[in-house]
Every structure is written in structure tokens, then in C-alpha cells.
Amino acid sequence: MDTPQPDAKTVAGLVAEAVTAPSMHNAQPWRFRFLASERVLLLFADLDRAMPRSDPGNRALHIGCGAALFTLRVAAAHAGITPTVSLLPDPAEPLRLAAVRLGGTDPDASEDDLVRLHQAVRRRHTSRYPFDEKDIPEDVRAALRAAADREGAELQFPGPWHVRTILDLVHDAENRDVLHPESAGDLRRWTRLGPEADTATDGVPEYAFGPRMRDGKAPMRDFAGRRPVADRGTASFEKDPHLALLSTPGDGPADWLRAGQALQRVLLEATLAGLATSLTSHALESRDLRLLTRDPVTGRGHVQMVLRLGYGPQGPATPRRSVRDVLDIA
Ligand SMILES: Cc1cc2nc3c(=O)[nH]c(=O)nc-3n(C[C@H](O)[C@H](O)[C@H](O)COP(=O)(O)O)c2cc1C
């Protein structure tokens with residue numbers, strides 16, 4: 001028997017949790033529509049929030065929406081509602097990224113394991129602070145690999161020289177930005193400095209930039225660039241950052257949505273395990289550098305995200321648009 005039909009308030013609550021997901025530059029490139037009579041919540045891409053220079057193929061946009069979709073699944077499971085997801089349900093409408101049926105009794109759709117992750121949803125924040133030079137135990141790594149695997153992706157912890165290569169590639173990406181200042185257009189649009197940082201409902205506010213890097217080579221995008229930020233200190237970052245690569249076997253819109261779901265499952269598991277996390281897509285924004293981030297030995301999969309994990313301060317919460325602005329109910 002079906003569970004009772006979720007009302008508008010319940011759906012708004014689920015969406016409020018879904019939008020806590022990470023997205024590139026906190027652009028929040030999503031919209032939701034609830035079809036009450038069908039008890040289906042649709043997720044759409046919002047192309048007004050796309051990044052033409054740094055994400056021309058909308059790969060990162062799909063990853064952010066996939067992360068929101070995973071968070072929606074967690075929120076629904078926590079509310080006792082079984083979510084049944086179909087990705088890209090209408091080939092004629094590529095912006096319709098997913099249809100989530102809320103409620104139902106499909107035993108294969110059991111999402112019981114998701115409930116546990118709920119407590120991490122509002123605790124997870126990107127941390128652009130230095131982390132301790134401390135190992136991540138093998139059982140924690142194994143749990144994170146398993147989390148990615150559950151969503152059809154692979155999480156790899158590269159060895160020391162592969163980490164060096166990735167750090168060099170991030171550095172190359174930064175140097176390219178210096179040579180081609182026009183490529184910083186997306187960054188300028190989505191960073192919030194001065195008084196705007198306290199009022200904006202999207203973008204990366206200056207209080208989330210973290211300190212300027214004094215030395216070390218952690219893959220941290222400096223959102224300030226050369227712009228001054230009041231009271232921003234400098235700090236030394238870890239010499240041997242713990243990086244992880246998230247990859248998928250294919251490289252199309254459905255793979256990117258799976259990557260986003262896997263990313264969020266890994267981030268929530270990591271948060272529960274007491275880890276702080278940050279992300280970088282810098283080296284993945286140009287095709288040539290992205291290919292070089294792959295494990296050169298296995299050469300397997302398409303790298304979708306570089307994660308940095310460690311023990312250290314959690315980052316601050318960043319703003320989100322209100323549910324009113326992203327959800328309509330039909
Ligand atoms: C596809 C994608 C790419 C991202 N790339 C970067 C990046 O290059 N550097 C960075 O510091 N954060 C990156 N982030 C993290 C976002 O900036 C972050 O999720 C957003 O500002 C919201 O903050 P929160 O994660 O603390 O909620 C990325 C996130 C996603 C989903």
C-alpha cells in the first residue's frame with residue numbers, strides 16, 4: 001500500500017534540505033516542480049545559473065544537481081517517504097534531470113541506509129582551511145569507496161606521486177587563469193565581497209574563502225584572486241594533502257548526475273566520520289588537464305571531481321535561495 005500523499009509543506013521541507021547540497025560556486029543551478037496528483041517531484045537544470053566559460057558542457061552543473069538529488073533522497077528517507085528516482089525521464093526534455101516519485105512500496109527502492117546520513121546534511125560544509133597532517137584510517141577510506149560504489153562511481157585515493165601530479169595540474173589551471181583573465185568571468189559573477197557577502201543568497205561569500213595560502217600546494221581555489229579581502233589571514237596548508245578522485249565509467253549527463261549523487265554520499269559519510277572536506281574542479285575545467293588527472297596506471301574512468309579530505313575545521317555555512325524561489329507546485 002502507498003504511504004499518504006506528501007502535502008505541500010512536507011515537499012517544501014524536503015526541497016529545503018535538498019538545496020543544502022554543494023554546487024559549483026554555490027550557483028544552485030536547480031529548480032523543482034511538484035506534481036501533487038502524481039506525487040512526483042521533478043528536478044530541472046537552471047541554465048541561467050550555468051557557467052559558460054568554466055563549465056561549457058554543463059558537466060559541473062549536472063554534478064551539483066545530482067548532489068541535490070541525493071540530498072533529496074536522504075531527506076525523503078528520513079521523513080519516512082520512499083523516493084523512487086528516474087534519471088533524465090524525458091529524452092525530449094534534457095533540462096528535466098530527474099523525476100522522484102515520493103512514496104510507494106517498491107521493495108527495490110528501499111533507502112533505509114540513507115536515514116543515517118541525514119544528521120550530516122546540515123553539518124557538511126566546504127572547508128577551505130588547512131587540515132592536520134594526519135592519516136585517514138583504512139576503514140574510513142574503505143567506507144568512502146563503498147559509498148561511491150553504491151551510486152555507480154569509483155573513489156580512488158591516489159598515491160603520493162599521483163597526488164603531486166594532480167596538484168601540479170591544479171597549479172597549471174591557475175596559471176592559465178592568470179594568462180587569460182577573461183576566464184575569471186564566472187568567478188567574478190559568483191563571488192560575494194564586502195557587504196554583499198552578508199546579504200547574497202547565492203555565490204561564495206568572502207567569509208567562506210578560507211585563509212590565503214602561505215605555502216604548500218593544497219588544491220584550493222583562491223576565490224579572491226588579487227582582490228583584497230578584509231581580515232583575511234594567511235596560513236600554511238598541509239604538505240601532503242589527502243586527495244581522492246571520483247570517477248564514472250561513462251561521461252554523459254546521466255553519468256554526471258550519478259557522479260553528483262556519489263559525491264554527496266561520500267561527503268556525508270566523510271562528515272559523519274569526523275572529516276572536513278573541500279572540492280576542486282579547477283583542473284577538470286579544460287579537457288587536456290582533465291585527461292591527465294586520471295590514474296596513469298589503470299587509465300580507468302572519467303574523473304568527475306577532486307576531493308580533499310582531512311581532520312580540521314569545518315567550513316562555515318553558506319547561503320541558499322529560499323524554497324519559494326526554486327519550487328513550484330502544480
Ligand atoms: C561541481 C562542483 C565544483 C566545485 N568546484 C570547486 C572548486 O574548484 N573549488 C572550491 O573551493 N570549491 C568547489 N566546489 C565547492 C563549492 O564552492 C561549494 O559547494 C559551494 O560554494 C557551497 O558551499 P558548501 O559546500 O559549503 O555548502 C565545487 C562544488 C561542485 C559541486
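All ligand and atom numbering here is 1-based and tracks the order in the structure.
Nearest protein heavy-atom contact of atom 1 (C) of ligand 1 is M305 CE, 3.4 Å. Closest to atom 16 (C) of ligand 1, if we only count protein heavy atoms, is S23 O, 3.2 Å. Taking atom 25 (O) of ligand 1 as the reference point, the nearest protein heavy-atom neighbour is T126 OG1, 2.5 Å.
Distances below 4.0 Å separate heavy atoms of R221 from the following atoms of ligand 1: 7 (C), 8 (O), 9 (N). The atoms of ligand 1 that sit less than 4.0 Å from any heavy atom of T318 are 22 (C), 23 (O), 24 (P), 26 (O), 27 (O). Atom numbering of ligand 1 starts at 1 in the shown order; those under 4.0 Å from a heavy atom of H125 are 26 (O). Within ligand 1, counting atoms from 1 as listed, the ones closer than 4.0 Å to a heavy atom of R320 are 22 (C), 24 (P), 27 (O). Shown in contact with F223 at under 4.0 Å from a heavy atom are these atoms of ligand 1, numbered in order with element: 10 (C), 11 (O). Heavy-atom contacts of A60 reach the following atoms of ligand 1: 1 (C) (cutoff under 4.0 Å). Every atom of ligand 1 with a heavy atom of R124 under 4.0 Å away is listed here by number and element: 24 (P), 25 (O), 27 (O). Close approach to V204 involves these atoms of ligand 1, each under 4.0 Å from a residue heavy atom: 21 (O).
Ion pairing of R31 with D48 is absent here, as no side-chain N (NZ or NE/NH1/NH2) approaches a carboxylate O to less than 4.0 Å. Taking the charged nitrogens against the carboxylate oxygens, R212 and D222 do have a contact shorter than 4.0 Å, which makes a salt bridge. Remark: R320 does not engage D325 in a salt bridge, criterion side-chain N to carboxylate O under 4.0 Å.
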Please assess W190 against H25 for the test ring pair (Phe, Tyr, Trp, His ring centres under 6.0 Å), listing each intermediate value before the final yes or no. CA-CA 6 Å; W190 292 106; H25 299 359; 7.8 Å; no

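Scanning all heavy atoms of the two residues, the minimum distance from V140 to L275 falls at CG1-CD1, 3.8 Å.
Ring geometry, F223 versus F209: the interplanar angle falls under 30°, so the pair is classed parallel (tilted spans 30 to 60°).
Side-chain contact check for D135 versus H242: some heavy-atom pair is nearer than 4.5 Å.
At least one N or O atom of L279, backbone or side chain, sits closer than 3.5 Å to an N or O atom of ligand 1. Some N or O of R128 is nearer than 3.5 Å to an N or O of ligand 1, by distance alone.
Among L43, L61, V15, the single residue meeting the side chain to side chain contact (heavy atoms under 4.5 Å, CB included) criterion with W30 is L43.
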